[in-house]
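What follows is a set of notes on a single structure, which appears directly below.
Model, not experiment: these values are computed from the prediction. Note on naming: letters A, B, ... go to the chains in the order of the sequence lines (proteins, then strands), and numbering restarts at 1 for each one.
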Number of protein chains: 2
Amino acid sequence: MTKKPPQRPATLADIARHAGVSRSLASLAIRGEGAVSPETRKRIMEAAAALDYRPNLVARSLASAEAGYLGIVVGEIENPLQAEIAKLASGLARAEGYSALVSIDADTDEKAEEAIRTLIAHRVSGVLAIGAPFEKPAIARVASWIPMVYVGRLLKVVAVDSVTTDDVTGGILAVDHLVALGHRRIAHVDGGASPGAERRRDGYRRAMERHGLERQIRIIEGAYTIDAGARAARALLAEPDWRPSAVFASNDMTAIGLINEAMRIGLSVPGDLSVVGYDDVTLAGTETLSLSTIHQSAGDLASAGIAAMMARLAEPDAAVSKILVPPRLMTRRSSAPFSATAAA
Amino acid sequence: MTKKPPQRPATLADIARHAGVSRSLASLAIRGEGAVSPETRKRIMEAAAALDYRPNLVARSLASAEAGYLGIVVGEIENPLQAEIAKLASGLARAEGYSALVSIDADTDEKAEEAIRTLIAHRVSGVLAIGAPFEKPAIARVASWIPMVYVGRLLKVVAVDSVTTDDVTGGILAVDHLVALGHRRIAHVDGGASPGAERRRDGYRRAMERHGLERQIRIIEGAYTIDAGARAARALLAEPDWRPSAVFASNDMTAIGLINEAMRIGLSVPGDLSVVGYDDVTLAGTETLSLSTIHQSAGDLASAGIAAMMARLAEPDAAVSKILVPPRLMTRRSSAPFSATAAA
DNA sequence: TTGAAAGCGTTACCAG
DNA sequence: CTGGTAACGCTTTCAA
């Protein structure tokens, strides 16, 4: 049998009456503010406990000047990286004294804008946008309504604070790693127009050049999906005259598709082909897959995002900041030293 | 340059003054309630538009008897199924006239309880719990505070409304499919004590018996992870005297690990081994993996959850309901007809 | 059809 | 230290 919740939740007035004091005094005592004599404070706290008092947060935020809410809008909550960032961010917001109002179904620009309107109607102090809205005009428009920090994409042209992984460095890290292992024929399966893809590609190109391998640059168009990776593998491994000994994929899913297809073709990974992915999804870390990859830190992205938000709130007119969070190379078993015998 | 938001958001009083009417009338007009003459309504709406008025939802919910909030608590937001359910549920809640207050970092029972306390402090009418709290005592305690519907687990002993996939049927579906393909030696890699695992196992056992295959029942202990699947594959394929031609895995991740390991060992899937998973994660549907599996419908779970919530809210004393959502078999390429030649 | 006034549960200000 | 009293911005009677 489900116990029925008490008919009417106790209010401050109830506990004030119960303790024989005024509402204001009860309010102070409960929040631990001001100077209340230990004697009366004790009485008030007991009354509160007796009546199972829980402050009505709605009333509180209406009454207090600063509502103390922070909005978090997530574009693709089914994307584990975004989910993780949002989760950590809401914890960090709480630690900063804000409570997070989270909107998780902003999967189109219209819905994102509507979600943000609603958050504004709740008088949030700012909005942390994670992966949404998607289009730049929408981002700019929304940012004109309320202080906003965008996590997940580098907003070069739009004047909005943004936090993202330093993907150029990520690309460089991947190539450097493979070169250090002795590879020279290193191909890149890119992510087309997906967020970050361009910069990962730049990192790849730049690193290859720095290592004097500009002649070995091969870029296959891909996407952030398993199937795109498999397709890329077929394209790549079909080239008769130039067979890579290593591939840097722009995304873990792409890498997984690639590996799968390579294995189907009969190649061994990393025996015949070393592969490095990007993102470090949970899957990548499993013993079974053990995919070398570039780790994006949800924790760093979340805390940089919240920090940027706090800065913006404290100083609304400060210069727009573009924060780059450093990625990290995770060395696992899908990449191994180049062996001459393996090369075709 | 980020445009600064207007100093003070317009209030109802502002637009009333602007339109030369009383606040009450403005309120009615804006909500489209009551009978307001078209003439004045027009004037009021224009004033609202001119001042870019947005009702303060905090004030509104304080003033109106029913706050109109629904709490949604998610245990593992990085789990795409839970994320999807939560996302759809928040849309459905809106459609029912509630706005969803979502808590995504309830990953321990303590945090879940705290999150629900906070939701209650916001005067939500009820809480939709998705995968959290985890332990039964915590679930029961929380449900004694506020109307709650639990999605993702069948709560047999706890008297709380629950919605979950009919996992017994799911298990049966998987076995029936494999039997129809001609398989007889069908093993099951279970999910240990994970949610749903017991019932999927029951379904497997029951279906095997119904098909007269009780002698072929083999259950390997597993878990909902890739690595567990790989381990199970090693255990299973090592048995010299009894080599299955098909495996029903309790979870897609388990299935993927299993397939991966089988391929490594040199078996072909589905040539030598047919595999059926459970959940239908995005990965399963990719061309590359093409995993036959039992689909859990996030949409059905979400709408059953919201429906149960509405029912509970409408009739607080109704009998506790245990809703089972039917699963669906997805036939893909990881399962194929039994071929005698392939059997060891 | 319209307006005045009384809340909703807090916090905040200001005397005592 | 303590207790009125006025907001906060809206909804909701209840009269007019």
Side-chain angles (χ1 to χ4, degrees), chain A residues 6-45 47-48 51-69 97 99 118 120-125, chain B residues 6-45 47-48 51-69 97 99 118 120-125:
Chain A
Q7 281 318 317
R8 195 179 56 80
T11 74
L12 210 43
D14 294 329
I15 92 164
R17 195 175 320 119
H18 197 91
V21 296
S22 70
R23 282 167 17 215
S24 5
L25 197 51
S27 173
L28 290 178
I30 284 186
R31 283 175 297 156
E33 294 261 329
V36 183
S37 74
E39 160 62 24
T40 39
R41 146 158 296 137
K42 180 152 176 287
R43 200 145 36 88
I44 293 174
M45 297 313 271
L51 299 180
D52 189 34
Y53 170 73
R54 305 204 183 290
N56 181 328
L57 261 33
V58 177
R60 174 176 288 178
S61 78
L62 179 60
S64 44
E66 259 300 280
Y69 288 124
S99 54
T118 303
I120 292 175
H122 277 290
R123 300 297 184 264
V124 296
S125 307
Chain B
Q7 281 316 317
R8 193 180 57 79
T11 75
L12 209 45
D14 294 329
I15 92 164
R17 195 177 317 119
H18 197 90
V21 297
S22 70
R23 289 181 356 232
S24 9
L25 196 51
S27 172
L28 291 178
I30 284 188
R31 282 175 298 154
E33 294 260 330
V36 184
S37 74
E39 159 62 24
T40 39
R41 148 158 293 138
K42 182 153 175 285
R43 202 145 37 87
I44 293 175
M45 296 313 270
L51 299 180
D52 189 35
Y53 171 71
R54 304 202 183 291
N56 181 328
L57 260 34
V58 175
R60 174 176 290 178
S61 79
L62 179 59
S64 41
E66 259 300 279
Y69 288 123
S99 55
T118 304
I120 292 175
H122 278 289
R123 299 300 185 263
V124 296
S125 307

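The side chain of A:Ala63 approaches D:dC8 more closely than any other nucleotide in the set D:dC8, C:dG3, D:dT11. The side chain of A:Arg60 approaches C:dT10 more closely than any other nucleotide in the set D:dT12, C:dT10, D:dG9. Listed nucleotides: D:dG3, C:dG3, C:dT10. Nearest to the side chain of A:Leu12: C:dT10. Here the side chain of A:Leu62 is nearest to one of D:dG3, D:dC8, C:dC8, namely D:dC8. The side chain of A:Thr11 sits closest to C:dT10 out of D:dT12, D:dC10, C:dT10. Checked against C:dG3, D:dT2, C:dT10, the side chain of A:Tyr53 finds its nearest nucleotide in C:dT10.
Atom pair A:Arg123:CZ and D:dG9:P shows a separation of 8 Å (rounding to whole Å applied). Between the CG atom of A:Leu51 and the C1' atom of C:dG9 there is a distance of 15 Å, rounded to whole Å. At whole-Å resolution of the value, CD in B:Glu33 and C1' in D:dC10 are 13 Å apart. Atom P of nucleotide C:dT1 and atom NZ of B:Lys42 are separated by 18 Å, given to the nearest angstrom. A straight line from CG of A:Asp14 to P of C:dC8 spans 11 Å, rounded to a whole angstrom. Summarising the geometry, the separation between CG on B:Leu25 and P on D:dT12 is reported as 15 Å, rounded to the nearest angstrom. In this structure, B:Ile44 atom CD1 and D:dC10 atom P are separated by 14 Å, rounded to whole Å. Spacing between atom CZ of A:Arg43 and atom P of D:dC1 amounts to 15 Å, rounded to whole angstrom units.
Atoms CD1 and CG, from A:Ile44 and A:Leu12 in turn, are 9.0 Å apart once rounded to the nearest 0.5 Å. Taken to the nearest 0.5 Å, the CG atom of A:Leu51 stands 9.5 Å off from the CZ atom of A:Arg17. B:Leu25 CG to B:Ile15 CD1: the interatomic distance, rounded to the nearest 0.5 Å, is 10.0 Å. To the nearest 0.5 angstrom, B:Tyr53 atom OH is 14.5 Å from B:His18 atom NE2.
Residues B:Ser27 and B:Arg31 bring a donor and an acceptor atom of their side chains to less than 3.5 Å of each other.
For D:dT11, the OP1/OP2 oxygens have no side-chain nitrogen or oxygen of B:Ser64 closer than 4.0 Å. For A:Arg31 and C:dA12, the shortest distance from a side-chain N or O to OP1 or OP2 is below 4.0 Å. A:Ser27 has a side-chain polar atom (N or O) that falls below the 4.0 Å cut-off from OP1 or OP2 of C:dT11. Contact check, A:Thr40 against D:dT2: a side-chain N or O comes under 4.0 Å of OP1 or OP2.
For B:Ile30 against B:Ala48, the heavy-atom pair with the smallest separation is CD1-CB, 4.2 Å. Of all non-hydrogen atoms in B:Arg41 and B:Leu28, the two that sit nearest each other are NH2-O, 4.0 Å.
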Checklist entry - Given the rule in the side-chain contact (heavy atoms from CB on, under 4.5 Å) test, do A:Asn56 and A:Arg60 qualify, once you have shown the distances and angles that lead to the verdict? => result CA-CA 6 Å; A:Asn56 181 328; A:Arg60 174 176 288 178; over 6 Å; no

Atom pairs under 3.5 Å, N or O on each side, protein against nucleotides 13-16 of chain D: can you list them with distances?
none

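Counting non-hydrogen atoms under 4.0 angstrom, A:Val21 reaches the backbone sugars and phosphates but no base.
In this structure, the side chains of A:Ser125 and A:Tyr69 stay at 4.5 Å or more apart for every pair of heavy atoms. The closest side-chain heavy-atom distance from A:Arg23 to A:Thr11 is not below 4.5 Å.
Axis angle, first five pairs versus last five pairs of the helix from C:dT1-D:dA16 to C:dG16-D:dC1: 40°, rounded to 10°.
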